[in-house]
Amino acid sequence: MADSTPTDSVSVDIDSISPSPKEHIIRTCHGSVSVAVYGDQDKPALITYPDLGLNYVSCFQGLLFCPEAYYLLLHNFCIYHISPPGHELGAAAIDPDYPVLSVDDLADQIAEVLNFFGLNAVMCMGVTAGAYILTLFAMKYRQRVLGLILVSPLCKEPSWSEWLYNKVMSNLLYFYGMCGVVKEILLKRYFSKEIRGGTQFPESDIVKACRRSLDERQSLNVWRFLEAINGRPDLSEGLRNLHCRSLIFVGDMSPYHSESLHITKKLDRRFSALVEVQACGSMVTEEQPHAMLIPMEYFLMGYGLYRPSRKSVSPRSPLSPSCISPELFSPESMGLKLKPIKTRITGEI
């Protein structure tokens, strides 16, 4: 185990240790899928899957470029960023004659990606639609998932209102492309009202960057992923039998807040924990990545992975030991049994 340093914060020169990812286009039984690989492939694998309309840059960059989280994850894992078909950087439009994949097809693609890289059991991190795909993957391939880190996840089939809302967006994407209305719908899906801006507050840089990223997406590729997610089945009944440990983050302003609470109730409480983040939308990885630091550290401790000393947690983090439920510090939380927790992060540091 590496020695912890007596500093007050982690100092990481990301530019000096962050090589460009190795991009792979992998042919599967359900078409090609792009995987960007970061880090030493001899290390344990962390698989990521983004939300609708996003890729690893627009969905996970805020978290990975947070020095403390970057150190925590890249020190312990090789990260395999899987993009939904046609969502990768510079993707061309998928042939319109190619069939639209189902969520089961997308989960099976992940298994083929693991086979390509010779990976057995992996850690998984997904956001909203990506969290659904990874949860389905964990249910279908239980022996291949060590743990799940789910951010504002979905698990139920769409309600009538969501189904109709998604159908409107689907028609707009199909006939008008990534128009202004679609971008506004997606931004509301990702972010809280505060950082989206309005008459009183300007739009944040995070939202502006995401808006530019959406301009680069092929609208019909996004439409395909949306069609798959809008046809998703309910996973609720199978969650009780999912015995890999799960750490769930959800913003209290996320449109999927209630669904995340539903998932927590359905999961075996011996193996799951919930972190609610105040004043945050669905994409905690971008909007409040520091809120994920300490829960992830303790979650990963249960796997025997190195965790920086408490002194090395940045004072910029909105989480500190006094902010966290005492349940998270129990010996039980560091082993196989994680108790459900509710950690609310205030907007003040």
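- Side chains of D215 and K183 form a contact here, defined as non-hydrogen atoms less than 4.5 Å apart.
- Donor-acceptor pairing under 3.5 Å is lacking for the side chains of S246 and S272.
- Of the possible donor and acceptor atoms, none in the side chain of K140 sits under 3.5 Å from a partner among the backbone N and O of A107.
- With respect to S236, the side-chain hydrogen bond (donor to acceptor under 3.5 Å, both in side chains) criterion is satisfied by exactly one of H262, K156, E157: H262.
- The shortest side-chain heavy-atom distance between F60 and L54 does not fall under the 4.5 Å cut-off.
- Two rings, from Y141 and F137, have their centers less than 6.0 Å apart.
- A salt bridge does not link R232 to E227: none of the charged nitrogens lies less than 4.0 Å from a carboxylate oxygen.
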Q: Apply side-chain hydrogen bond (donor to acceptor under 3.5 Å, both in side chains) to the pair Y256 and R189, showing each step before the final yes or no.
A: CA-CA 9 Å; Y256 308 105; R189 175 190 179 98; 2.9 Å; yes

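- Scanning for ring-ring contact (aromatic ring centres under 6.0 Å, His included) contacts around F117 gives H24, Y80, with sequence neighbours left out.
- A distance-only check finds no donor-acceptor pair linking the side chain of R142 to the backbone of C244 [under 3.5 Å].
- E184 pairs by the salt bridge (charged side-chain N to carboxylate O under 4.0 Å, His left out) definition with R211, not counting sequence neighbours.
- Counting only heavy atoms from C-beta outward, the side chains of I229 and L154 approach each other to under 4.5 Å.
- With a 4.5 Å cut-off on side-chain heavy atoms, T285 and F249 do not count as touching.
- Inter-residue side-chain proximity for Y49 and Y132 is flagged as unmet; no heavy-atom pair is nearer than 4.5 Å.
- At least one side-chain heavy atom of N166 sits less than 4.5 Å from a side-chain heavy atom of M169.
- No hydrogens or angles considered: a donor-acceptor pair under 3.5 Å links the side chains of S213 and R217.
- D252 contributes a side-chain N or O that, together with a main-chain N or O of A279, makes up a donor-acceptor pair within less than 3.5 Å.
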